[in-house]
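Scroll down for the structure; my scribbles are underneath it.
Please read all numbers here as calculations on a predicted model, not as lab measurements. Lettering of chains follows the sequences in order, A, B, ..., and the numbering in each one begins at 1.
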Number of protein chains: 2
Amino acid sequence: MLSRTSQYALRSVLFIAENSHARRKVGVGEVAKALEIPKYYLAKILRRLAVGKLIRSSKGPGGGYYLNSEDFDHPLIAIIESVDGPDSLKKCALGLNTCSSEHPCPIHFYIGPFRDSLLQSLSEITVGDALEQLKQEHVFIDNLLTGDEKKKSNSDPDERN
Amino acid sequence: MLSRTSQYALRSVLFIAENSHARRKVGVGEVAKALEIPKYYLAKILRRLAVGKLIRSSKGPGGGYYLNSEDFDHPLIAIIESVDGPDSLKKCALGLNTCSSEHPCPIHFYIGPFRDSLLQSLSEITVGDALEQLKQEHVFIDNLLTGDEKKKSNSDPDERN
DNA sequence: CAAAAAAAAGACTTCTCAGTCCTTTAATAA
DNA sequence: TTATTAAAGGACTGAGAAGTCTTTTTTTTG
Ligand code: FES
Ligand code: FES
């Protein structure tokens, strides 16, 4: 549905939003371990997000990634497009050159409404909204893992990630 | 949205349905040229569909691919799952291990309803239904191409595809 | 200023999907 | 029964996504 890269991006932004502010930044290692994302790969994604001004970063001791207040207003679609390129969700599901109701493919009218409302949702929902919803459900983003099984928070210091 | 392989598969099945029956079979080269799909790659996809009993094939002179009457009753989702593996559309959009309302990811409730109805559509609509709809729109499946521009049906015999 | 800490940058590897080509098998028809 | 025809099967290549590692730059702080 979404590329793995944009999955990583979305979860990371939410995690950073949850766990940082301008005076308490989080490092790539921290995010990578909490979300079980390959550290060096994540670093590239975060850089793209930073270039796109969706998150902030600062170097040096005490540095890391964080969100400032405007960043909470970005819609989720902006994160996806920032890492996957624009219109990655707007293409014809059968790969035709144009997707339109004038030149519909056999499944256009089945898929169209679904995709349109998905796109609409992702354009409306901001980072802040998604965070708010997680809060209401009493869920933390790092409790939602992709691995086979949620590991209990053991404290063996496997720094290598 | 859908993998290129399942895009090829769906269009091919519809084309074969449109252009064949037990006494008039179509060859892989014919399908490949009409739909502008790489011939040898298509051959593999058609074999997978044939193994999955979604289309029929026969070797030798006059052989090729065709659909028998039962094959028109297969839902479109069966074609997708046959080439992309089962549940390829049911996974969490953020890549979590389980997708459920009990363990929802931040966008589960935005995506869920739409995906469910898409899945429902693809499970209900049969090959015959889709064909019927194309007929009502006076559209032939090989008029829907993926290339840059629809070429006028020139007759230069470039057999090599 | 010097040392340390962290992101930025870039080279490199690995894996999967898509695409190509060649050989073998099965069916038909002469 | 032999030649021909078409799918089946399998080996190989290429491109792009994902993942890894090392070096460089920037910032802080002692
Ligand atoms: S034309 Fe295929 S999804 Fe719109
Ligand atoms: S849990 Fe992510 S889409 Fe259902």
Ion pair A:Arg24/A:Glu18, N-O distance below 4.0 Å
no
Could you check whether B:Lys25 gets within reach of a base, just the sugar-phosphate, or nothing at all, counting any heavy atom under 4.0 Å?
nothing
In whole Å, what is the span from the [atom1] atom of [X] to the [atom2] atom of [N]?
X: B:Tyr8; N: C:dC17; atom1: OH; atom2: P; answer: 15 Å
X: B:Tyr41; N: C:dC17; atom1: OH; atom2: P; answer: 9 Å
X: B:Ile80; N: C:dC17; atom1: CD1; atom2: P; answer: 16 Å
X: B:Leu42; N: C:dT20; atom1: CG; atom2: P; answer: 12 Å
X: A:Leu2; N: D:dA17; atom1: CG; atom2: C1'; answer: 15 Å
X: B:Ile37; N: C:dA18; atom1: CD1; atom2: P; answer: 12 Å
X: A:Glu30; N: C:dA6; atom1: CD; atom2: P; answer: 9 Å
X: A:Glu36; N: D:dA18; atom1: CD; atom2: P; answer: 18 Å

Nearest to the side chain of [X], heavy atoms from C-beta on, is which of [options]?
X: A:Thr5; options: D:dA18, C:dT20, D:dT28; value: D:dA18
X: B:Ser57; options: C:dA7, C:dT20, D:dA8; value: D:dA8
X: A:Lys59; options: C:dC12, C:dA6, C:dA5; value: C:dA6
X: A:Arg47; options: C:dT28, C:dA8, C:dG19; value: C:dA8
X: A:Pro38; options: D:dG19, C:dA8, C:dA27; value: D:dG19
X: B:Lys44; options: C:dA18, C:dG19, D:dG19; value: C:dG19
X: B:Tyr40; options: C:dC21, C:dA4, D:dT22; value: C:dC21

One should read off an interatomic distance between B:Ser6 OG and B:Leu76 CG, to the nearest 0.5 angstrom, of 11.0 Å
Taken to the nearest 0.5 Å, the spacing of B:His74 NE2 from B:Ile125 CD1 works out to 15.5 Å
Short side-chain N/O contact to D:dA6 OP1/OP2 from B:Tyr66, under 4.0 Å:
no
Which sits closer to the 5' end of DNA chain D, A:Arg4 or B:Gly62, going by the nucleotide each is nearest to?
B:Gly62
Heavy-atom nearest pair, A:Gln120 first then A:Glu124, reads NE2-OE2, 2.7 Å
Step by step, work out the side-chain contact (heavy atoms from CB on, under 4.5 Å) result for A:Lys44 and A:Thr5.
CA-CA 10 Å; A:Lys44 297 184 159 183; A:Thr5 301; over 6 Å; no
Given DNA chain C, 5'-ward residue of the pair A:Pro61 and B:Ser3, judged by closest heavy atom:
A:Pro61
